[in-house]
Amino acid sequence: MNALADSLKRQIATTGPLSLAEYMTACLLHPEHGYYTTRDPLGAKGDFTTAPEISQMFGELLGLCLAQSWLDHGAPERFVLAELGPGRGTLMADALRATRAVPGFHAAAELYLVEASPSLRVLQAERLAEHAPAWCGSVDDLPDGPLFLIANEFFDALPIRQFSREGTGWRECVVGLSGGKLARGLTDAVPQDGLEHRLEDTADGDVIETCAPAQRVAESVGARIAAQGGTALLIDYGDWRSRGDTFQALENHAPSDPFANPGQADLTAHVDFEAIAKAAAPASHSAMTHQGVFLERLGITPRAQALAQKLEGDALQSHIAAHRRLTHPSEMGSLFKVLALYPQGAAPPPGLDP
Ligand code: SAH
(Lines give C-alpha, C1' and ligand atoms only; values in the text may rest on other atoms or scores of the structure.)
Protein backbone atom coordinates (compact mmCIF):
# COMPACT_ATOMS: atom_id res chain seq x y z
CA MET A 1 0.00 0.00 0.00
CA ASN A 2 1.44 3.32 -1.05
CA ALA A 3 -1.07 6.17 -0.73
CA LEU A 4 1.10 8.56 -2.76
CA ALA A 5 1.46 6.03 -5.62
CA ASP A 6 -2.33 5.57 -5.68
CA SER A 7 -2.97 9.29 -5.76
CA LEU A 8 -0.35 9.90 -8.49
CA LYS A 9 -1.83 7.07 -10.59
CA ARG A 10 -5.31 8.57 -10.28
CA GLN A 11 -3.95 11.97 -11.26
CA ILE A 12 -2.13 10.55 -14.32
CA ALA A 13 -5.20 8.57 -15.39
CA THR A 14 -7.28 11.77 -15.25
CA THR A 15 -4.95 14.49 -16.52
CA GLY A 16 -2.10 12.67 -18.28
CA PRO A 17 1.59 12.04 -17.61
CA LEU A 18 3.61 14.15 -15.14
CA SER A 19 6.94 15.79 -15.87
CA LEU A 20 9.82 14.37 -13.85
CA ALA A 21 9.85 17.68 -11.94
CA GLU A 22 6.20 17.28 -10.92
CA TYR A 23 6.85 13.68 -9.90
CA MET A 24 9.97 14.61 -7.89
CA THR A 25 8.16 17.46 -6.13
CA ALA A 26 5.32 15.15 -5.08
CA CYS A 27 7.70 12.41 -3.90
CA LEU A 28 9.96 14.72 -1.90
CA LEU A 29 7.65 17.41 -0.59
CA HIS A 30 4.02 16.16 -0.66
CA PRO A 31 2.54 17.62 2.56
CA GLU A 32 1.39 14.24 3.90
CA HIS A 33 3.44 11.61 2.09
CA GLY A 34 6.59 13.41 0.91
CA TYR A 35 9.98 11.94 1.65
CA TYR A 36 11.44 15.04 3.34
CA THR A 37 8.18 16.19 4.91
CA THR A 38 7.67 12.99 6.85
CA ARG A 39 11.10 11.91 8.16
CA ASP A 40 14.74 12.49 9.02
CA PRO A 41 16.46 10.74 6.09
CA LEU A 42 20.03 11.27 7.24
CA GLY A 43 22.61 9.15 8.98
CA ALA A 44 23.31 5.47 9.48
CA LYS A 45 19.64 4.57 10.12
CA GLY A 46 18.39 6.75 7.27
CA ASP A 47 18.73 6.39 3.52
CA PHE A 48 21.86 8.44 2.94
CA THR A 49 24.54 10.34 4.76
CA THR A 50 26.15 13.69 4.00
CA ALA A 51 29.52 15.33 4.59
CA PRO A 52 28.54 17.17 7.83
CA GLU A 53 27.15 13.90 9.24
CA ILE A 54 30.41 12.12 8.37
CA SER A 55 32.72 14.50 10.25
CA GLN A 56 32.57 17.69 12.30
CA MET A 57 35.58 18.91 10.27
CA PHE A 58 33.36 19.68 7.28
CA GLY A 59 31.17 22.26 9.04
CA GLU A 60 34.11 23.67 10.99
CA LEU A 61 36.14 24.40 7.86
CA LEU A 62 33.17 25.78 5.93
CA GLY A 63 32.28 28.04 8.87
CA LEU A 64 35.83 29.37 9.09
CA CYS A 65 35.93 29.88 5.33
CA LEU A 66 32.73 31.95 5.48
CA ALA A 67 33.97 33.92 8.51
CA GLN A 68 37.24 34.74 6.72
CA SER A 69 35.22 35.91 3.74
CA TRP A 70 33.15 38.11 6.10
CA LEU A 71 36.41 39.63 7.43
CA ASP A 72 37.70 40.11 3.87
CA HIS A 73 34.50 41.98 3.03
CA GLY A 74 35.10 44.49 5.82
CA ALA A 75 33.29 42.60 8.61
CA PRO A 76 29.83 44.19 8.12
CA GLU A 77 28.36 44.71 11.57
CA ARG A 78 25.05 43.08 10.67
CA PHE A 79 24.67 40.30 8.13
CA VAL A 80 22.39 37.43 7.18
CA LEU A 81 23.95 34.04 7.88
CA ALA A 82 21.86 31.56 5.89
CA GLU A 83 21.80 27.89 5.13
CA LEU A 84 19.71 26.24 2.43
CA GLY A 85 18.39 22.77 3.32
CA PRO A 86 20.17 22.44 6.68
CA GLY A 87 19.12 18.79 7.28
CA ARG A 88 19.74 18.06 10.96
CA GLY A 89 21.47 21.39 11.56
CA THR A 90 24.82 19.66 12.03
CA LEU A 91 26.78 21.71 9.51
CA MET A 92 25.62 25.03 10.97
CA ALA A 93 26.21 23.85 14.56
CA ASP A 94 29.80 22.88 13.67
CA ALA A 95 30.33 26.11 11.72
CA LEU A 96 29.10 28.23 14.64
CA ARG A 97 31.21 26.35 17.19
CA ALA A 98 34.35 26.81 15.07
CA THR A 99 33.70 30.54 14.55
CA ARG A 100 33.16 31.42 18.23
CA ALA A 101 36.76 32.64 18.28
CA VAL A 102 36.25 35.07 15.36
CA PRO A 103 35.69 38.44 17.10
CA GLY A 104 32.35 40.02 16.19
CA PHE A 105 31.18 37.27 13.82
CA HIS A 106 28.45 35.83 16.02
CA ALA A 107 27.28 39.23 17.24
CA ALA A 108 26.85 40.41 13.63
CA ALA A 109 25.15 37.24 12.35
CA GLU A 110 21.38 36.84 12.05
CA LEU A 111 20.75 33.16 11.41
CA TYR A 112 18.18 32.11 8.81
CA LEU A 113 17.44 28.56 7.73
CA VAL A 114 15.66 27.87 4.44
CA GLU A 115 13.92 24.55 5.01
CA ALA A 116 10.81 23.01 3.48
CA SER A 117 10.44 20.05 5.83
CA PRO A 118 8.50 20.57 9.10
CA SER A 119 10.11 17.48 10.68
CA LEU A 120 13.64 18.65 9.87
CA ARG A 121 12.81 22.16 11.17
CA VAL A 122 12.14 20.54 14.56
CA LEU A 123 15.58 18.89 14.59
CA GLN A 124 17.23 22.14 13.49
CA ALA A 125 15.44 24.06 16.26
CA GLU A 126 16.82 21.65 18.87
CA ARG A 127 20.32 21.62 17.46
CA LEU A 128 20.64 25.38 16.97
CA ALA A 129 18.49 26.66 19.87
CA GLU A 130 21.28 28.79 21.39
CA HIS A 131 21.65 30.71 18.11
CA ALA A 132 17.94 31.62 17.83
CA PRO A 133 17.46 30.78 14.15
CA ALA A 134 14.53 31.99 12.05
CA TRP A 135 13.10 29.89 9.20
CA CYS A 136 12.11 30.80 5.66
CA GLY A 137 10.37 28.71 3.05
CA SER A 138 12.37 30.26 0.22
CA VAL A 139 15.49 32.39 -0.39
CA ASP A 140 13.17 35.16 -1.57
CA ASP A 141 11.98 35.56 2.03
CA LEU A 142 15.47 36.24 3.45
CA PRO A 143 15.82 39.76 4.86
CA ASP A 144 18.00 42.37 3.16
CA GLY A 145 21.65 42.81 4.09
CA PRO A 146 25.01 41.27 3.25
CA LEU A 147 24.39 37.55 2.76
CA PHE A 148 26.80 34.82 3.82
CA LEU A 149 25.25 31.53 2.79
CA ILE A 150 26.03 27.81 2.78
CA ALA A 151 24.21 25.06 0.88
CA ASN A 152 25.39 21.46 1.04
CA GLU A 153 23.43 18.86 -0.93
CA PHE A 154 20.51 21.26 -1.35
CA PHE A 155 20.44 21.77 -5.12
CA ASP A 156 20.53 18.01 -5.85
CA ALA A 157 17.14 17.66 -4.14
CA LEU A 158 15.42 20.20 -6.39
CA PRO A 159 13.15 18.84 -9.13
CA ILE A 160 14.64 18.35 -12.58
CA ARG A 161 13.27 17.86 -16.08
CA GLN A 162 15.03 15.42 -18.36
CA PHE A 163 15.28 15.55 -22.15
CA SER A 164 16.55 13.19 -24.81
CA ARG A 165 17.73 14.81 -28.03
CA GLU A 166 16.12 13.97 -31.40
CA GLY A 167 17.23 16.11 -34.33
CA THR A 168 16.96 19.73 -33.23
CA GLY A 169 14.16 18.87 -30.80
CA TRP A 170 13.97 17.20 -27.42
CA ARG A 171 11.79 14.36 -26.16
CA GLU A 172 10.90 14.97 -22.53
CA CYS A 173 10.98 12.16 -19.97
CA VAL A 174 7.57 11.93 -18.30
CA VAL A 175 5.96 9.69 -15.71
CA GLY A 176 2.93 7.77 -16.99
CA LEU A 177 1.27 4.42 -16.44
CA SER A 178 2.20 1.06 -17.91
CA GLY A 179 0.27 -2.07 -16.88
CA GLY A 180 -1.16 -0.14 -13.91
CA LYS A 181 2.31 0.83 -12.64
CA LEU A 182 4.13 4.16 -12.68
CA ALA A 183 6.58 4.10 -15.57
CA ARG A 184 8.92 6.36 -17.48
CA GLY A 185 7.86 7.50 -20.96
CA LEU A 186 8.97 10.02 -23.59
CA THR A 187 6.97 12.76 -25.32
CA ASP A 188 7.36 13.53 -29.01
CA ALA A 189 10.34 15.70 -29.90
CA VAL A 190 9.80 19.47 -29.72
CA PRO A 191 12.27 22.39 -29.66
CA GLN A 192 12.92 23.68 -26.12
CA ASP A 193 13.54 27.31 -25.27
CA GLY A 194 16.75 27.66 -23.31
CA LEU A 195 18.32 24.48 -24.69
CA GLU A 196 19.63 25.97 -27.94
CA HIS A 197 23.21 25.97 -26.57
CA ARG A 198 23.00 22.23 -25.89
CA LEU A 199 22.57 21.53 -29.61
CA GLU A 200 26.30 22.39 -29.86
CA ASP A 201 27.58 19.62 -27.59
CA THR A 202 25.01 16.81 -27.87
CA ALA A 203 24.05 14.20 -30.47
CA ASP A 204 20.84 12.28 -31.11
CA GLY A 205 19.85 10.18 -28.11
CA ASP A 206 21.94 12.18 -25.62
CA VAL A 207 20.18 12.92 -22.34
CA ILE A 208 20.42 16.21 -20.48
CA GLU A 209 18.72 17.60 -17.39
CA THR A 210 17.53 21.05 -16.40
CA CYS A 211 16.56 22.36 -12.98
CA ALA A 212 14.53 25.57 -13.15
CA PRO A 213 14.14 25.84 -9.33
CA ALA A 214 17.94 25.67 -8.88
CA GLN A 215 18.35 28.46 -11.41
CA ARG A 216 15.73 30.56 -9.61
CA VAL A 217 17.49 30.11 -6.27
CA ALA A 218 20.88 30.95 -7.83
CA GLU A 219 19.38 34.03 -9.48
CA SER A 220 17.98 35.29 -6.19
CA VAL A 221 21.20 34.61 -4.21
CA GLY A 222 23.41 36.07 -6.97
CA ALA A 223 21.34 39.24 -7.25
CA ARG A 224 21.44 39.81 -3.47
CA ILE A 225 25.18 39.24 -3.24
CA ALA A 226 25.87 41.52 -6.20
CA ALA A 227 23.72 44.31 -4.73
CA GLN A 228 24.28 43.91 -0.98
CA GLY A 229 27.54 42.00 -0.62
CA GLY A 230 28.35 38.60 0.82
CA THR A 231 29.45 35.15 -0.26
CA ALA A 232 27.72 31.86 -1.01
CA LEU A 233 29.40 28.46 -0.72
CA LEU A 234 27.53 25.87 -2.76
CA ILE A 235 28.59 22.23 -2.43
CA ASP A 236 26.98 19.39 -4.30
CA TYR A 237 27.58 16.47 -6.57
CA GLY A 238 27.51 17.23 -10.23
CA ASP A 239 29.58 18.82 -12.92
CA TRP A 240 30.03 21.92 -15.04
CA ARG A 241 27.45 20.87 -17.63
CA SER A 242 24.70 18.30 -17.15
CA ARG A 243 25.05 15.19 -19.29
CA GLY A 244 23.36 11.83 -19.09
CA ASP A 245 20.60 10.45 -16.92
CA THR A 246 21.58 11.16 -13.29
CA PHE A 247 18.10 10.83 -11.78
CA GLN A 248 18.46 8.35 -8.93
CA ALA A 249 16.70 6.95 -5.89
CA LEU A 250 18.39 5.87 -2.67
CA GLU A 251 16.72 3.74 -0.03
CA ASN A 252 18.65 2.32 2.96
CA HIS A 253 21.94 3.52 1.45
CA ALA A 254 21.33 1.49 -1.76
CA PRO A 255 20.09 2.55 -5.20
CA SER A 256 16.44 1.69 -5.89
CA ASP A 257 13.89 2.09 -8.68
CA PRO A 258 12.73 5.76 -8.51
CA PHE A 259 9.22 4.79 -9.66
CA ALA A 260 8.66 1.77 -7.38
CA ASN A 261 7.91 3.45 -4.08
CA PRO A 262 7.13 7.17 -4.38
CA GLY A 263 7.73 9.14 -1.19
CA GLN A 264 9.77 6.35 0.40
CA ALA A 265 13.13 6.94 -1.32
CA ASP A 266 15.39 9.95 -1.62
CA LEU A 267 15.37 11.25 -5.20
CA THR A 268 18.25 13.34 -6.51
CA ALA A 269 19.99 14.40 -9.69
CA HIS A 270 23.44 15.82 -10.36
CA VAL A 271 23.80 19.57 -10.24
CA ASP A 272 24.63 21.55 -13.39
CA PHE A 273 27.08 24.12 -11.97
CA GLU A 274 27.30 26.04 -15.24
CA ALA A 275 23.55 26.72 -15.14
CA ILE A 276 23.85 27.89 -11.51
CA ALA A 277 26.83 30.16 -12.24
CA LYS A 278 25.05 31.72 -15.23
CA ALA A 279 21.83 32.29 -13.29
CA ALA A 280 23.77 33.90 -10.41
CA ALA A 281 25.23 36.66 -12.62
CA PRO A 282 25.73 39.62 -11.91
CA ALA A 283 27.53 38.01 -8.95
CA SER A 284 30.95 36.58 -9.84
CA HIS A 285 31.59 32.89 -9.41
CA SER A 286 34.72 31.00 -8.45
CA ALA A 287 36.24 28.17 -10.43
CA MET A 288 34.29 25.00 -9.73
CA THR A 289 36.63 23.05 -7.44
CA HIS A 290 36.71 19.46 -6.21
CA GLN A 291 35.56 19.14 -2.59
CA GLY A 292 38.73 17.20 -1.68
CA VAL A 293 41.01 19.93 -3.05
CA PHE A 294 38.96 22.65 -1.36
CA LEU A 295 39.05 20.94 2.05
CA GLU A 296 42.80 20.28 1.77
CA ARG A 297 43.40 23.95 0.98
CA LEU A 298 41.36 24.94 4.02
CA GLY A 299 43.58 22.75 6.19
CA ILE A 300 41.59 19.58 6.78
CA THR A 301 44.75 17.51 7.24
CA PRO A 302 46.22 19.50 10.17
CA ARG A 303 42.71 19.69 11.68
CA ALA A 304 42.34 15.90 11.32
CA GLN A 305 45.76 15.38 12.94
CA ALA A 306 44.86 17.65 15.86
CA LEU A 307 41.57 15.78 16.47
CA ALA A 308 43.36 12.41 16.11
CA GLN A 309 45.55 13.25 19.14
CA LYS A 310 42.54 12.80 21.42
CA LEU A 311 41.25 9.58 19.82
CA GLU A 312 42.15 5.92 19.96
CA GLY A 313 40.83 2.51 18.90
CA ASP A 314 37.62 2.43 16.86
CA ALA A 315 37.05 6.17 17.25
CA LEU A 316 40.45 6.88 15.73
CA GLN A 317 39.86 4.45 12.86
CA SER A 318 36.48 5.96 12.03
CA HIS A 319 37.98 9.48 12.19
CA ILE A 320 40.70 8.47 9.71
CA ALA A 321 38.07 6.87 7.46
CA ALA A 322 35.94 10.04 7.62
CA HIS A 323 38.86 12.24 6.55
CA ARG A 324 39.49 9.92 3.61
CA ARG A 325 35.81 9.76 2.71
CA LEU A 326 35.45 13.53 2.50
CA THR A 327 38.62 14.13 0.49
CA HIS A 328 39.75 11.08 -1.48
CA PRO A 329 39.05 11.19 -5.24
CA SER A 330 37.62 7.67 -5.18
CA GLU A 331 35.16 8.65 -2.43
CA MET A 332 33.46 12.08 -2.14
CA GLY A 333 36.58 14.11 -3.01
CA SER A 334 36.01 14.60 -6.72
CA LEU A 335 32.35 13.69 -7.21
CA PHE A 336 31.41 16.65 -5.01
CA LYS A 337 32.23 20.14 -6.24
CA VAL A 338 32.31 23.57 -4.62
CA LEU A 339 31.28 26.82 -6.25
CA ALA A 340 31.39 30.22 -4.54
CA LEU A 341 29.42 33.34 -5.47
CA TYR A 342 30.73 36.76 -4.47
CA PRO A 343 30.47 40.39 -5.64
CA GLN A 344 32.30 41.45 -8.78
CA GLY A 345 35.70 42.87 -7.94
CA ALA A 346 35.90 41.00 -4.60
CA ALA A 347 38.24 38.08 -3.98
CA PRO A 348 36.80 34.55 -3.82
CA PRO A 349 36.67 32.96 -0.36
CA PRO A 350 39.72 31.01 0.91
CA GLY A 351 40.31 27.71 -0.87
CA LEU A 352 38.82 28.80 -4.20
CA ASP A 353 40.27 30.44 -7.31
CA PRO A 354 38.53 33.14 -9.34
N1 SAH B 1 22.50 20.09 4.05
C2 SAH B 1 22.18 18.93 4.86
C3 SAH B 1 20.94 18.16 4.33
C4 SAH B 1 20.93 17.76 2.89
S5 SAH B 1 19.42 16.91 2.46
C6 SAH B 1 23.39 18.04 4.98
O7 SAH B 1 24.35 18.27 4.29
O8 SAH B 1 23.35 17.10 5.79
C9 SAH B 1 18.48 18.18 1.63
C10 SAH B 1 17.90 19.23 2.54
O11 SAH B 1 17.20 20.19 1.73
C12 SAH B 1 16.91 18.75 3.57
O13 SAH B 1 17.03 19.55 4.72
C14 SAH B 1 15.58 19.00 2.85
O15 SAH B 1 14.46 19.01 3.69
C16 SAH B 1 15.85 20.32 2.20
N17 SAH B 1 15.03 20.65 1.04
C18 SAH B 1 14.77 19.86 -0.03
N19 SAH B 1 14.03 20.53 -0.95
C20 SAH B 1 13.82 21.77 -0.43
C21 SAH B 1 13.12 22.93 -0.90
N22 SAH B 1 12.51 22.93 -2.08
N23 SAH B 1 13.13 24.03 -0.12
C24 SAH B 1 13.77 24.04 1.08
N25 SAH B 1 14.42 22.97 1.57
C26 SAH B 1 14.45 21.85 0.84
Side-chain angles (χ1 to χ4, degrees), residues 21-31 33-63 66 81-96 111-128 133-142 149-160 211-218 220-221 232-238 248-251 253 263 265-271 276 291 295 322 325-326 332 335-338:
E22 289 167 323
Y23 178 72
M24 236 176 131
T25 304
C27 290
L28 294 179
L29 296 176
H30 185 281
H33 310 297
Y35 180 74
Y36 281 116
T37 17
T38 53
R39 76 197 69 209
D40 166 16
L42 291 147
K45 288 203 203 81
D47 292 302
F48 61 98
T49 192
T50 56
E53 302 298 331
I54 291 169
S55 169
Q56 68 184 74
M57 297 186 289
F58 187 78
E60 291 172 350
L61 292 169
L62 259 60
L66 215 54
L81 175 61
E83 183 173 357
L84 308 182
R88 288 176 171 173
T90 308
L91 194 167
M92 189 51 80
D94 291 337
L96 287 167
L111 181 58
Y112 284 85
L113 307 174
V114 177
E115 175 57 68
S117 157
S119 57
L120 288 174
R121 283 187 184 202
V122 172
L123 293 184
Q124 293 155 16
E126 286 166 12
R127 196 67 191 270
L128 295 164
W135 281 267
C136 300
S138 140
V139 282
D140 298 326
D141 302 330
L142 290 170
L149 175 146
I150 299 186
N152 183 61
E153 289 211 46
F154 169 75
F155 287 94
D156 68 22
L158 300 181
I160 56 148
C211 186
Q215 285 171 298
R216 276 198 295 277
V217 171
S220 168
V221 172
L233 285 176
L234 314 178
I235 304 112
D236 231 304
Y237 59 139
Q248 67 163 22
L250 267 189
E251 226 171 316
H253 297 266
D266 183 41
L267 301 180
T268 61
H270 284 201
V271 170
I276 289 194
Q291 171 175 299
L295 294 175
R325 194 155 170 207
L326 292 182
M332 297 168 81
L335 175 62
F336 282 77
K337 314 290 194 308
V338 187

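Counting starts at 1 for both ligands and their atoms, following the listed order.
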Handout entry: Criterion side chain to side chain contact (heavy atoms under 4.5 Å, CB included) against Asp156, the qualifying member of Asp266, Asp236, Leu267
Key =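 Of the listed options, the one satisfying the test is Asp236.
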Handout entry: Any donor-acceptor N/O pair, Gln291 side chain to Leu326 backbone, under 3.5 Å
Key =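 Side chain of Gln291 to backbone of Leu326: a pair is present.
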List ligand 1's nitrogen or oxygen atoms that come under 3.5 Å of a protein nitrogen or oxygen, with the partner atom and distance.
| unit_1 | atom_1 | unit_2 | atom_2 | d |
| --- | --- | --- | --- | --- |
| ligand 1 | 1 (N) | Gly85 | O | 2.7 |
| ligand 1 | 1 (N) | Asn152 | O | 2.7 |
| ligand 1 | 7 (O) | Thr50 | OG1 | 3.4 |
| ligand 1 | 7 (O) | Asn152 | ND2 | 2.8 |
| ligand 1 | 8 (O) | Thr50 | OG1 | 2.5 |
| ligand 1 | 13 (O) | Gly87 | N | 3.0 |
| ligand 1 | 13 (O) | Glu115 | OE1 | 2.6 |
| ligand 1 | 15 (O) | Glu115 | OE2 | 2.5 |
| ligand 1 | 25 (N) | Ala116 | N | 3.2 |

Handout entry: Residues which pass salt bridge (Lys or Arg N to Asp or Glu O under 4.0 Å) with Glu60, listed by chain and number, not counting sequence neighbours
Key =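 Applying salt bridge (Lys or Arg N to Asp or Glu O under 4.0 Å) to Glu60 gives Arg97, Arg303.
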Practice task
Kindly write out the residues that satisfy salt bridge (Lys or Arg N to Asp or Glu O under 4.0 Å) with Arg88, not counting sequence neighbours, or none if the list is empty.
Solution key: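 With sequence neighbours excluded, Arg88 shows a salt bridge (Lys or Arg N to Asp or Glu O under 4.0 Å) to Asp40, Glu53, given in chain and number order.
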Practice task
Can you sort out the partners of Thr49 under side chain to side chain donor-acceptor pair (under 3.5 Å), two or more places apart, ordered by chain and number?
Solution key: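 Scan of Thr49 (side chain to side chain donor-acceptor pair (under 3.5 Å), adjacent residues dropped) gives none.
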Exercise for the section: Look at the aromatic rings of Phe48 and Tyr36 and report parallel, tilted or perpendicular, splitting at 30° and 60°. Expected result: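 Rings of Phe48 and Tyr36: perpendicular, over 60°.
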